[in-house]
Visitor: 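The structure's right below; bear with me while I get my questions together.
Below, chains carry the letters A, B, ... as their sequence lines are ordered, and counting in each starts from 1.
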There are 2 protein chains.
Amino acid sequence: MATAPDETGDAFTERQQAVLDAVLALMVEEGGDVTMTMVARRASCSKESLYKWFGDRDGLLTATVRWQASKVRAGNYDRQRLDVLALRDSLTRFAANWLGVISSPTSIALNRFAIAQAGARGSNLGAIMLANGRFAIGERIKPVLEAGRDAGLIGFDDSETAFRSFLGLVGRDVQIRLLLGDRLTLSPAEIERDAARATDQFLALYGTGTAGPVSH
Amino acid sequence: MATAPDETGDAFTERQQAVLDAVLALMVEEGGDVTMTMVARRASCSKESLYKWFGDRDGLLTATVRWQASKVRAGNYDRQRLDVLALRDSLTRFAANWLGVISSPTSIALNRFAIAQAGARGSNLGAIMLANGRFAIGERIKPVLEAGRDAGLIGFDDSETAFRSFLGLVGRDVQIRLLLGDRLTLSPAEIERDAARATDQFLALYGTGTAGPVSH
DNA sequence: TATTTTCCGTACCGTACGTTACGGTTCTCC
DNA sequence: GGAGAACCGTAACGTACGGTACGGAAAATA
């Protein structure tokens, strides 16, 4: 994954950010079929300005993806007091936040677009999405897992592998179903319940406490 | 989900099936940007015939998705002798098969196309993919799970919920990463190992045997 | 107020592609 | 073998859209 999550090209004018927000809104509403004329009309700017600011259509859409990615920097899951309750709390909060993100209309629209682009050669939008979504999240959660291991609360060989299992328990088939257009509404209550269930299952699999550890 | 997995519109001439296979090959190679001219050239047929057989571009692509879906009918996981070994074997074989499907170039290309289409209004390709993939698989695995429950090997309230957890443990983040263009090669050995690990974890979570059952 | 820069709105151009039309060829059926 | 249908290859048409050009307004600078 080349694109680091840090190099967010968010050096944009307010005017330009408004344009990018217009693109995001159009993507959610129109579903990928976003023309330059539509963007210009929606953002009340001229096409000439669009090309001046973003180069070409691909530049505009890439900037939109980066812009949205720079806005998603979600909460940090501190690993201070490290009893099993704190660990469970951090993981549950992460899981709920993650479920909220992947089920949001903006995330769905943007992932749809990045996936459609990923087929064509010479596209890096998918890499940007992965770097700022899946992998950035992993780099923030893995320290929590490792701290839990250092405290003897959970056990695993590879934090990446453990994190991937956790991701699977949290996300299950939610994202692919939403991307394929399945009507699947996740209420905040359901998100909280699913996050707690996934965390319980993860701790049951990897915990060293009451429930015995399981080979992995 | 409207489209039942049975109503496969596979009433196609061999010539037409060859055309659809050409579309599939083009989708894998070119990544979604499949023009009618390319299909006609690749399939050595005239564009006039394409329009005569499939109506329009959307009809051709819809037929392609249905055609591929009708070919994926994978193995059935018999639930005869129901000791824990047989259950584990059935689940592992399903998991390996599923991982092989979702990591295949054809599946990736087709899901990319269906996801891109799912944004536009009035598209049902996503529903077709879900009906013939995710939900058809579920209808074949849930009886296995329920038989395991009847035999006292595993415990759960809702087979759908248990199946979704299993899906999560098997697929983890594989599908979304592949769809977004991540280089992620799953060798047959890795698939077998991941399938076994996911099955072990699932049985650890839901099993009533040696490992204690876990609330879900 | 005069000048320069930025930018909006719109008209315009070139191309790609979906769709249709047509001449020539092969296959089918009698 | 001959009539008709099906079909291939290609050319042509219309439209949509990415990209550019231009006139005028607004804002900035002096």
Visitor: Could you tell me the separation between the CE atom of A:M36 and the P atom of D:dG18, rounded to a whole number of Å?
Guide: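 Rounded to whole Å, this separation is 7 Å.
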Visitor: Give the rounded distance in Å between these two atoms: OH of A:Y51 and P of C:dG9.
Guide: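 In whole Å, C:dG9 P and A:Y51 OH are 17 Å from each other.
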Visitor: Could you check if a side-chain atom of B:Y51 sits within less than 4.5 angstrom of a side-chain atom of B:M36, using non-hydrogen atoms only?
Guide: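 Yes, side chains in contact.
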Visitor: Give the rounded distance in Å between these two atoms: CG of B:L60 and P of C:dT19.
Guide: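 Rounded to whole Å, this separation is 10 Å.
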Visitor: Find the distance A:Q16:CD to C:dC8:P and express it as a whole number of Å.
Guide: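 After rounding, the gap between these two atoms is 11 Å.
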Visitor: Can you tell me how far P of C:dC17 sits from CE of B:M38, to the nearest Å?
Guide: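 Going from CE in B:M38 over to P in C:dC17 covers 9 Å.
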Visitor: Strictly under 3.5 Å: I want the nitrogen or oxygen pairs between protein and nucleotides 7-10 of chain D, one per line.
Guide:
unit_1, atom_1, unit_2, atom_2, d
D:dC8, OP1, B:R15, NE, 3.1
D:dC8, OP1, B:R15, NH2, 3.1
D:dC8, OP2, B:S46, N, 3.3
D:dC8, OP2, B:S49, OG, 2.8
D:dC8, N4, B:E48, OE1, 3.2

Visitor: Is there side-chain contact between A:E30 and A:T35, with heavy atoms separated by less than 4.5 Å?
Guide: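 The answer is no, as the side chains (C-beta and beyond) never meet within the 4.5 Å cut-off.
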Visitor: To the nearest Å, how far apart are A:D33 CG and C:dC17 P?
Guide: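 Checked: the CG to P distance equals 16 Å.
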Visitor: Figure out the CZ/C1' separation between A:R42 and C:dC8, and round it to whole Å.
Guide: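 These atoms are roughly 18 Å apart.
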Visitor: State whether the number of non-hydrogen atoms from other residues, nucleotides or ligands found under 6.0 Å of A:R15 atom CZ is greater than 12.
Guide: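 For A:R15, atom CZ is crowded (more than 12 foreign heavy atoms under 6.0 Å).
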Visitor: Between B:E192 and B:R197, is there a salt bridge with N-O shorter than 4.0 Å?
Guide: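 So B:R197 does not pair with B:E192 through a salt bridge.
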Visitor: Could you tell me if the ring centre of B:F94 sits under 6.0 Å from that of B:F166?
Guide: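 Close enough - the centres of the two rings lie under 6.0 Å apart.
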Visitor: Return the value, rounded to whole Å, for the distance between atom CD of B:E30 and atom C1' of C:dC17.
Guide: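 Rounding to the nearest Å, CD of B:E30 and C1' of C:dC17 are 15 Å apart.
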Visitor: Within the structure provided, determine whether B:L169 and B:Q201 are in side-chain contact (heavy-atom separation under 4.5 Å).
Guide: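 Side-chain contact under 4.5 Å: yes.
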